[in-house]
Amino acid sequence: MSDTTCGATDESSGNCGGTADETATDGGAATENTSASSSPSCGAGGSDGSDAASSCGASKADATDEKVGATADDFDADPGRLFAVGLGPGQPEGMTERARATLLEADHIVGYTTYIDLIPDKVTEAADELYDTPMCGEVSRTEEAVDRALAGNDVAIVGSGDPNVYALGGLALEIIESKGATASALDFEVVPGVPAAQSCAARVGAPLVNDSVSISLSDHLTPMADIESRLRAVAAEGFTIAIYNPWSRKRRENFETACEILLEHRPADTPVGVVHGAGRDDESVKIVELGELKSLGETDLVDMTTTLLVGNEETYVWDGRMITPRGYESKYDY
């Protein structure tokens with residue numbers, strides 16, 4: 001689930017088979033290991049858990065063909081609770097106290113392997129079970145979390161950033177609905193985290209203090225024609241723009257096209273903040289001019305762990321910081 005931490009892409013935009021989209025702001029490579037486990041408490045089909053492996057213990061093989069398995073009627077237990085928890089930028093200190101408290105209350109914690117690794121050991125050790133899957137398992141992983149909650153457990157499904165920004169908060173609700181359950185029955189709750197746009201903007205100053213828009217360049221779930229249309233619409237206006245998922249080995253053309261569209265509507269000297277791997281060991285922050293941006297696609301600075309902050313016509317750079325005026329200068333003397 002991620003909006004992905006700073007620079008992190010949300011996993012739902014995962015570019016399966018390319019670079020690790022799901023690792024985006026989390027950093028690190030995707031792993032093929034899974035600690036997925038099924039237990040009698042987690043299975044549909046009765047209290048003996050005889051159908052656990054088929055309904056909630058195993059990941060489905062192909063995300064594009066996945067169908068919801070068990071329905072709410074297949075579970076005999078009183079439902080538990082389900083929380084979609086945003087971990088924020090990725091560092092333990094970047095997690096909200098509410099997120100930490102929720103994870104400590106959960107019986108089971110479910111998430112993408114890299115996201116699980118972001119959680120402090122004291123929190124994961126307190127859980128009865130952890131369930132993690134590698135990248136491209138977002139649908140089966142989310143259904144796993146729903147099934148575990150329907151089986152009577154308190155479950156947290158985690159992601160970087162915020163659950164409502166290019167993440168799995170909405171998918172969880174869709175799967176609950178498709179199973180014939182209700183959000184109220186599971187006491188479903190979103191626990192927000194700091195989104196990547198905001199945590200990355202903080203690295204370069206104050207570029208997003210006026211009207212801003214976020215756009216993902218991943219065409220895994222959104223057609224590129226729609227992405228281009230939206231980018232042209234906002235680039236022509238005075239929005240500052242946070243760009244998620246800017247580049248991968250399988251989608252380099254998307255980044256190049258985005259740079260060309262931006263240059264059609266904004267001067268080449270428009271400031272752009274480039275934040276790679278924020279909060280990670282390989283963090284790198286740079287402020288460049290829009291005209292330089294396309295050339296960075298061939299460097300290590302721009303990848304799926306990067307977020308771009310594109311200024312508007314008023315954005316300027318002072319003392320190594322991007323500043324987008326809010327408008328105070330037109331009303332106050334200072």
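Just so we're clear, the structure is a prediction, and the values are computed from it rather than from any experiment. We number each residue from 1, following the sequence as shown. For the numbers below, each heavy atom of this structure counts, side chains included, while hydrogens, waters and symmetry mates do not.
H276 is not listed as a side-chain neighbour of V285, based on a closest heavy-atom distance of 4.5 Å or more. Side-chain contact check for E177 versus L173: every heavy-atom pair is 4.5 Å or farther apart. Contact check for E253 versus M224: no side-chain heavy atoms found under the 4.5 Å cut-off. Counting heavy atoms from C-beta on, the side chains of R100 and P120 come closer than 4.5 Å. Residues L296 and V274 have side chains in contact (heavy-atom distance under 4.5 Å, counting atoms from C-beta outward). Inter-residue side-chain proximity for V155 and D107 is flagged as unmet; no heavy-atom pair is nearer than 4.5 Å. Two residues are said to be in side-chain contact when any heavy atoms from C-beta on lie closer than 4.5 Å; V158 and L118 fail this criterion. For the pair V310/I243, a side-chain contact is recorded, criterion being any heavy-atom separation below 4.5 Å from C-beta on.
For the pair D162 (side chain) and N164 (backbone), a donor-acceptor distance under 3.5 Å is present. Proximity of a side-chain donor or acceptor of W247 to a complementary backbone N or O of V302 within less than 3.5 Å is not detected. Remark: the backbone N or O of G311 is paired with a side-chain donor or acceptor of R266 at under 3.5 angstrom. With hydrogens and angles disregarded, no donor-acceptor distance shorter than 3.5 Å links the side chain of T257 to the backbone of N254. A distance-only check finds a donor-acceptor pair linking the side chain of Y244 to the backbone of A197 [under 3.5 Å]. Looking at R203, its side chain never comes within 3.5 Å of a backbone N or O of A201 through a donor-acceptor pair. Judged by distance alone, the side chain of D154 and the main-chain N or O of R81 form a donor-acceptor pair under 3.5 Å. Using modelled atom types, no side-chain atom of E129 and backbone atom of I109 make a donor-acceptor pair closer than 3.5 Å. In this structure, N153 contributes its side chain and R148 its backbone to a donor-acceptor pair below 3.5 Å.
Among residue pairs with one or both ends in residues 286-296, those qualifying as side chain to side chain donor-acceptor pair (under 3.5 Å) are E260-K294; sequence neighbours excluded. For residues 180-202, every residue pair satisfying the salt bridge (Lys or Arg N to Asp or Glu O under 4.0 Å) rule, not counting sequence neighbours, is listed here: R98-E189.
From L301, atom CG reaches atom OG1 of T305 across 8.5 Å, with rounding to the nearest 0.5 Å. To the nearest 0.5 Å, atom CD1 of residue I157 and atom OG1 of residue T142 are 3.5 Å apart. Note that the OG atom of S248 and the CG atom of D219 stand 8.5 Å from one another [nearest 0.5 Å]. Atom CG of L290 and atom NE2 of H265 lie 11.5 Å apart (nearest 0.5 Å). Atom CG of residue L308 and atom CZ of residue F255 lie 6.0 Å apart, to the nearest 0.5 angstrom. Summarising the geometry, atom CG belonging to L231 is positioned 4.5 Å from atom CD1 belonging to I215; distances are rounded to the nearest 0.5 Å.
Annotation for D128: atom CG counts as buried by contact number, over 12 foreign heavy atoms lying within 6.0 Å. Within a 6.0 Å sphere centred on CD of E313, other residues, nucleotides and ligands contribute more than 12 heavy atoms.
Closest heavy-atom contact between G193 and P163: N-CD, 4.1 Å. Nearest heavy atoms, L263 versus A268: CD2-CA, 3.8 Å. Pairing each heavy atom of D319 with each of R321, the nearest pair is O-NH1, 2.9 Å. For the residue pair G86 and A99, the shortest heavy atom distance occurs at O-CB, 3.8 Å. The minimum heavy-atom distance linking A258 with L217 is given by the pair CB-CD1, 3.8 Å. The minimum heavy-atom distance linking V139 with L171 is given by the pair CA-CD2, 4.1 Å.
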- [ ] Could you please spell out the steps behind the side-chain contact (heavy atoms from CB on, under 4.5 Å) verdict for C200 and L309?
- [x] CA-CA 8 Å; C200 288; L309 294 313; 4.1 Å; yes
TODO: Evaluate the side-chain hydrogen bond (donor to acceptor under 3.5 Å, both in side chains) criterion for residues T71 and D73: first the C-alpha distance (whole Å), next the side-chain angles of each, then the deciding distance (0.1 Å), finally the verdict.
DONE: CA-CA 5 Å; T71 67; D73 292 336; 4.7 Å; no
Open item on the list: I'd like to know whether S229 forms a side-chain hydrogen bond (donor to acceptor under 3.5 Å, both in side chains) with D226, so could you lay out the CA-CA distance, the side-chain angles of the two residues, the decisive distance to 0.1 Å, and finally the verdict.
Closed with: CA-CA 5 Å; S229 176; D226 291 347; over 6 Å; no
Task: V194 vs M95, side-chain contact (heavy atoms from CB on, under 4.5 Å): CA-CA, chis, key distance, verdict - done: CA-CA 8 Å; V194 179; M95 185 189 305; over 6 Å; no
- [ ] Before giving the answer on side-chain contact (heavy atoms from CB on, under 4.5 Å), spell out for V275 and V204 the whole-Å C-alpha distance, their side-chain angles and the decisive distance to 0.1 Å.
- [x] CA-CA 8 Å; V275 183; V204 295; 3.8 Å; yes
Task: Residue pair D132, T113: steps toward the side-chain hydrogen bond (donor to acceptor under 3.5 Å, both in side chains) verdict - done: CA-CA 5 Å; D132 65 282; T113 304; 2.7 Å; yes
- [ ] Starting from the C-alpha separation in whole Å, work towards a yes-or-no answer on side-chain contact (heavy atoms from CB on, under 4.5 Å) for L87 and L103.
- [x] CA-CA 10 Å; L87 301 177; L103 293 177; 4.0 Å; yes
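With sequence neighbours left out, E93 forms a salt bridge (charged side-chain N to carboxylate O under 4.0 Å, His left out) with no residue at all.
Between F188 and the options L82, V146, T182, a side-chain contact (heavy atoms from CB on, under 4.5 Å) holds for only L82.
V209 and F239 sit in two unconnected hydrophobic clusters of ILVMFWY residues. Membership requires side-chain heavy atoms under 4.5 Å apart, directly or through other members. In the hydrophobic clustering of ILVMFWY residues, with side-chain heavy atoms under 4.5 Å counting as a link, Y316 and V272 come out apart.
Defined by atom type and a distance below 3.5 Å, a donor-acceptor pair is missing between the side-chain atoms of T324 and T240. When only modelled atom types and interatomic distance are considered, D117 and T114 share no side-chain donor-acceptor pair under 3.5 Å.
Using a cut-off of 4.0 Å between Lys/Arg side-chain N and Asp/Glu carboxylate O, D74 and K179 are scored as not salt-bridged.
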